[in-house]
Every structure is written in C-alpha cells, then in structure tokens.
Amino acid sequence: PLVTVITLVYNTGKYIIDTLDAIKNQTYKNIQHVIIDDCSRDDSVSITEKWIKDNDWQCFFIKNTVNKGICANLNFGIKDMAKGKYCAIIGDDIMMPSKIEDDVAFMEKNPDLMFCYSKMSMFNIASGVETLMPFGEAHHPFHDYLAGEKSVMPAPTLFYRTEVFEKVDYYD
C-alpha cells in the first residue's frame, strides 16, 4: 500500500539532507513524499530544492509564504495532500532504513490497530553519543500520550492509518 510521508521543515537546513536521504533510502519504495516548509528563514528551502533536483526525487514541495505552525501544516498535509493508506510524519529526524517496511508489515498484520510506534535512538551532536530513548511501560499508552503523562510513544516514530484522522479529527 501507498505510504504518505509528510516532512515538516522549519529552519532545519543543517539537518534536512540527512532526513531526506533517510526517506529516499527506505527499503519500502511505495512512498508519496510531501515536504512542507513553514516559511523558513535559513537556507532550508534552497537546500531542499537542490536535494530534490540532484536526486531526481518525486515529491510535493510546498513552500509557505507565511508561518502557519505545526498543526496547520500537518492538517494540510493530511487532509489535502495525503493519498496513502498510511501516514508518517517527520521533522528533522532520521528514519531507520526499514522503518516504513516494518511499520507497513505490522499494520497489515494488525488491521484492528489505527497506529503503531517504535523505540527511538537519540543522537547528541555535540558529544557524538547515541542512546536509546528511555522506554517506560504503560498500560494505557494512547491515553498517557494524550494526557502528556509518561509518554512511551516517541512522536517521530508514530505511523498511522490515514483514516484515523477522519475518525478522531485533525490537529488543533
């Protein structure tokens, strides 16, 4: 099935190439890529445009002329652009090479689930140290996530059935 990856960009010129390379190099290839720049003031737009051209990457690159914020951009990406059965959202993070393939396989085996998530490594650029994000146990992870309590669902790893937004609404 088609997977829509929405990449939110805002002043991430230093990191955007790593993010885009990680999406391009996924082992899963049926990807609709939507990149939304939220009126960056750094060189994010020119770096992204050059990367798209140099990689001959098929994507939608939306460049806002005014800053709209995360929620408005996510809602636009999901409501107006997403065509995939599944949706992943990423900012300046880096997906592991088989992330989308693994998530699709898991969701296809579990049709009653509306989203999944995974563990996440954090990389400290200054020290060069990579650590696994603490992964606490939760009996009600979705409730805890929404309530802002001991979240065990790292936002960059969430992977949704796109239809979930029609059922529970969009970002506010």
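Scope of the values below: all heavy atoms of this structure, side chains included, with no hydrogens, waters or symmetry mates. Count residues from 1 along the sequence.
- Atoms CD and NZ, from Gln32 and Lys85 in turn, are 15.5 Å apart once rounded to the nearest 0.5 Å.
- Taking 4.5 Å as the limit, every side-chain heavy atom of Leu20 sits out of range of all side-chain heavy atoms of Asn55.
- Under the 4.5 Å side-chain heavy-atom criterion for Ile, Leu, Val, Met, Phe, Trp and Tyr, Ile17 and Ile94 are members of distinct hydrophobic clusters.
- We find the OG-NZ distance between Ser40 and Lys63 to be 12.0 Å, quoted to the nearest 0.5 Å.
- Using a distance-only test at 3.5 Å, with no hydrogens or angles considered, a donor-acceptor pair links the side chain of Asn11 to the main chain of Arg41.
- In this structure, Gly13 and Asp43 approach most closely via the heavy-atom pair CA-OD1, 3.7 Å.
- Asn67 has its side chain within reach of Tyr10: a pair of non-hydrogen atoms, C-beta onward, lies under 4.5 Å apart.
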Given the rule in the side chain to side chain contact (heavy atoms under 4.5 Å, CB included) test, do Asp38 and Leu8 qualify, once you have shown the distances and angles that lead to the verdict? CA-CA 7 Å; Asp38 200 18; Leu8 298 182; over 6 Å; no

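- By the criterion of side-chain heavy atoms lying less than 4.5 angstrom apart, applied directly or through intervening Ile, Leu, Val, Met, Phe, Trp or Tyr residues, Leu74 is grouped together with Ile62 in one hydrophobic cluster.
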Applying side chain to side chain contact (heavy atoms under 4.5 Å, CB included) to Phe76 and Ile36, what does each step give before you reach the verdict? CA-CA 9 Å; Phe76 172 76; Ile36 304 173; 4.0 Å; yes

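- The OG atom of Ser44 sits 6.0 Å away from the CG atom of Asp37 when rounded to the nearest 0.5 Å.
- Using a distance-only test at 3.5 Å, with no hydrogens or angles considered, a donor-acceptor pair links the side chain of Thr4 to the main chain of Gly84.
- Transitive grouping of hydrophobic side chains (ILVMFWY, heavy atoms separated by less than 4.5 Å) keeps Val168 and Met107 in distinct clusters.
- Considering only heavy atoms from C-beta on, Tyr28 comes within 4.5 Å of Val3 through its side chain.
- The local environment of NZ in Lys167 is sparse, with at most 12 non-hydrogen atoms from other residues, nucleotides or ligands closer than 6.0 Å.
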What donor-acceptor contacts under 3.5 angstrom involve side-chain atoms of residues 86-93, with partners at least two apart or in another chain?
residue : atom : partner : partner atom : Å
Tyr86   : OH   : Glu108  : OE2          : 2.4
Tyr86   : OH   : Arg161  : NH1          : 3.1

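- Annotation for Met114: atom CE counts as buried by contact number, over 12 foreign heavy atoms lying within 6.0 Å.
- Considering only heavy atoms from C-beta on, Asp18 stays 4.5 Å or farther from Ile16 through its side chain.
- Around the CD1 atom of Ile70, the shell of radius 6.0 Å holds no more than 12 heavy atoms that belong to other residues, nucleotides or ligands.
- Taken to the nearest 0.5 Å, the CG atom of Asp21 stands 10.0 Å off from the CH2 atom of Trp57.
- Leu158 and Tyr170 fall within a single hydrophobic cluster, where Ile, Leu, Val, Met, Phe, Trp and Tyr side chains are chained together by heavy-atom contacts under 4.5 Å.
- Surrounding CG of Asp172 are at most 12 heavy atoms belonging to other residues, nucleotides or ligands under 6.0 Å away.
- Between Ile23 and Ile31, the closest heavy-atom pair is O-CD1, 4.1 Å.
- Side-chain contact check for Ile78 versus Tyr160: every heavy-atom pair is 4.5 Å or farther apart.
- Residues Gln26 and Val5 form no side-chain contact, since every pair of their non-hydrogen atoms from C-beta on lies 4.5 Å or further apart.
- Under a hydrophobic clustering in which Ile, Leu, Val, Met, Phe, Trp and Tyr are joined whenever their side-chain heavy atoms come within less than 4.5 Å, directly or via other members, Met81 and Val9 fall into different clusters.
- Interatomic distance, Asp56 CG to Lys24 NZ, rounded to the nearest 0.5 Å: 9.5 Å.
- By the 4.5 Å heavy-atom criterion applied to side chains, Phe61 and Ile52 are counted as neighbours.
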CA sep, side-chain torsions, deciding dist, call: Val104, Asn30, side chain to side chain contact (heavy atoms under 4.5 Å, CB included): CA-CA 11 Å; Val104 168; Asn30 194 16; over 6 Å; no

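- Side-chain contact between Asn75 and Phe165 is absent, with no heavy atoms from C-beta onward closer than 4.5 Å.
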Apply the test side chain to side chain contact (heavy atoms under 4.5 Å, CB included) to residues Asn110 and Asp112: give CA-CA distance (whole Å), side-chain angles for both, the deciding distance (0.1 Å), then the verdict. CA-CA 5 Å; Asn110 295 280; Asp112 55 323; 4.0 Å; yes

